[in-house]
Protein chains: 2
Amino acid sequence: MTKAEKRPVLTDVALAAGVSVATASKALNGRNHVNKNTRQRVLDAAEKLKFSPNPFAQALNFPVTGTIGVLTADLSSRFVLPILMGVEEAFGAGSTSVIISDARKDLVRERFLLQTLIAKRVDGIIVLGDDANARPSLSEHVPVPVVYAYTPSVLATDCSFTPDNAMGATLAIDHLVARGRRKIAMINGEPRFEAAQERSSAAHAALQSHGLGFVSGEVLYGDWSESWGRQGVRALLNARLDFDGIFCGSDQIARGVVDALREEGRSVPHDVGVVGFDDWELFSTTSRPPLTTIDMNLEHMGRAVAGELAVAIAGVTRPGLHKLPVRLVPRESTAGLDGSLANREDAAGGPLKA
Amino acid sequence: MTKAEKRPVLTDVALAAGVSVATASKALNGRNHVNKNTRQRVLDAAEKLKFSPNPFAQALNFPVTGTIGVLTADLSSRFVLPILMGVEEAFGAGSTSVIISDARKDLVRERFLLQTLIAKRVDGIIVLGDDANARPSLSEHVPVPVVYAYTPSVLATDCSFTPDNAMGATLAIDHLVARGRRKIAMINGEPRFEAAQERSSAAHAALQSHGLGFVSGEVLYGDWSESWGRQGVRALLNARLDFDGIFCGSDQIARGVVDALREEGRSVPHDVGVVGFDDWELFSTTSRPPLTTIDMNLEHMGRAVAGELAVAIAGVTRPGLHKLPVRLVPRESTAGLDGSLANREDAAGGPLKA
DNA sequence: CTGAAAGCGCTAACAA
DNA sequence: TTGTTAGCGCTTTCAG
């Protein structure tokens, strides 16, 4: 690494262009009242010197600093990362810096990091959770706009974004029914998660709208694991239930489900159609067969949240819980008996991914 | 969110404490030559006003800015995230901000983001890759220290950190041999990855040191997928090879391997001991049985890299390729025939994780 | 259209 | 031990 020879400052540019710093500043910032030629001379000089303005000096003159903070509950979470990527994409390439701080599920640490972000004068904060259960608001303690992503704030006056779980469940059930399945069960994750509850109720409602109910009478709850997916299938089998479709609370569960079905000699999709949730490609595309599933569009959510924060920083707040649409990604686990994949209408506007 | 009422500045604190700004500054920064009582008065005032210094004003007076940039090749990579977490842990809680920019595997974008980071006056940059293949150096174009993580720079004069793949392979083979396996095969990933090559050669060397060789004569290469793991097992079986141990290039491959072995009626670990690589818990702990594997300690690498960058910023550069030790995590896939897990010596100092 | 001068919030000489 | 003063690099009145 080359030792930092002092960087050119505005004075150097002005000197090189033969104007005052004031004029140089105006020229560089596209202010009016600068002669076209003068401006060009300044621009050339800046170019030649590879001048770039010191953002700290600029920040000193403006109310906004050009940095935003992302406070994550758990950076390692499968849901956090895609959202972070969307945020980064929306901000990172521009003039806004994204500072990350990871609370590692520690509320004390979260408070501390929040204070640190504030001390660093971020213009706004994105609070990024890893489950759908509403969380305490932080906004009281914060002098800048806050937007909550994935995990909403309990306060309706805060601005939160979550995926539309109900829509996902409805899409899943409608898809199974459209594929001719009538005897449908649901193997869900942990009931203490609101996401699980929302998916259950919406699935139930969707079934009813088709004049159907769960073959098992009620939703099976377990944890979010493959292992539970396998157990769930065995439970259905042991109960001697006749079923031809299973909607799973997550792709991990779904993978366990298709593995168990295969091991028990049931063909997917021939005997049983399976729909997952999350479109976690690690599972959805490597499963045998690949999984039809619900894509929550998390990266898009990241961009939406970033946009909303930008708007909020500009002074326009749009409080409330914003549920973002999800889409169904059809794959082989619900293919028609002729092996055809689901048709376009099912895809809810999205292209096939795998 | 509460509208930002103007924040207190040093002048306010000074005023409240009845001293000059200079004294207030000294008191707050723990400089000498300040009366104990005076200092306390200032501290109290600052506390009461909830004063926190404007970091931009501070940065203007110092050569360092208190921000570092992390330039990732691909934020969504399984290897990048743990390292990033280590970096964040090392820096985030302190006074240094971590700005992330994700190049998304695009070299043009990488160059652009690099310029952006420089324009933002970061004190140093961590270049975070997602494979072990040496990459072009960026350091030429950068006026601040750069440390490369996971993916090393081609330049020996740069400072790079990678996991010690050879050590991992050696641990794996030694472990299999210690567990009584003598007929060992290796199912590796894509040969174009240096990580794959290093693991192969070290495994070969380790076998030789025990007077052994690969039962298959040579290493089997494929991609890094479960599906290839299954194929690899079938290839060994079709070749009617007698084997009792398999070292896999990744946990994903290993998972495919144990699945295929089970489906073919071979017991793991009874008939065949299997060792993976990566300790990607998503696979290593949910596999049936759970996988003995090599943990690359990526989060620790993140901390090490962060520390090294801090040192470099302070002016001490330690160029070269630093290979960080890895460790073996024993689980059931290589358990003794009595079901016992591997003993402590095998664990290379680390506790069991799952 | 251009430039001199003031000031953003803070730190550091230098006096007092 | 304290306060005065002069910047750090930039933007912005306000004269010229």
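Only heavy atoms go into these numbers, but all of them, side chains included; no hydrogens, no water, no symmetry mates. This structure is a prediction, so every number in the text was calculated from the model and none was measured.
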Which residues pass the side chain to side chain contact (heavy atoms under 4.5 Å, CB included) test with [X], not counting sequence neighbours?
{"X": "B:L15", "value": "none"}
{"X": "B:R39", "value": "B:A27, B:V34, B:L43"}
{"X": "B:R31", "value": "B:K26, B:N29"}

Could you list the residues that satisfy salt bridge (Lys or Arg N to Asp or Glu O under 4.0 Å) with A:K105, not counting sequence neighbours?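 Here the qualifying residues are A:D130.
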Just report the end-to-end axis angle for the helix from C:dC1-D:dG16 to C:dA16-D:dT1, five pairs per end, to 10 degrees.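 Rounded to the nearest 10 degrees, the bend comes out at 40°.
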Per-nucleotide protein contact string for nucleotides 9-16 of chain D, where B marks a base within reach and S marks sugar-phosphate only (heavy atoms under 4.0 Å, - for neither): BBBB----
Starting at CG of B:L117, measure out to CZ of B:F112 and round the result to the nearest 0.5 Å.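 Spacing of CG (B:L117) from CZ (B:F112) equals 10.0 Å.
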Give me each pair satisfying salt bridge (Lys or Arg N to Asp or Glu O under 4.0 Å) with a member in [range], each pair once, sequence neighbours excluded.
{"range": "residues 108-127 of chain A", "result": "A:R109-B:E88, A:E110-A:R135"}
{"range": "residues 301-316 of chain B", "result": "B:E89-B:R303, B:E308-B:R318"}
{"range": "residues 42-61 of chain A", "result": "none"}

Could you tell me how far apart A:D12 (CG) and D:dC8 (C1') are, to the nearest whole angstrom?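 Those two atoms, CG and C1', are 14 Å apart.
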Rounded to the Å, how far apart are B:N35 CG and D:dT2 P?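 One finds 5 Å between P of D:dT2 and CG of B:N35, rounded.
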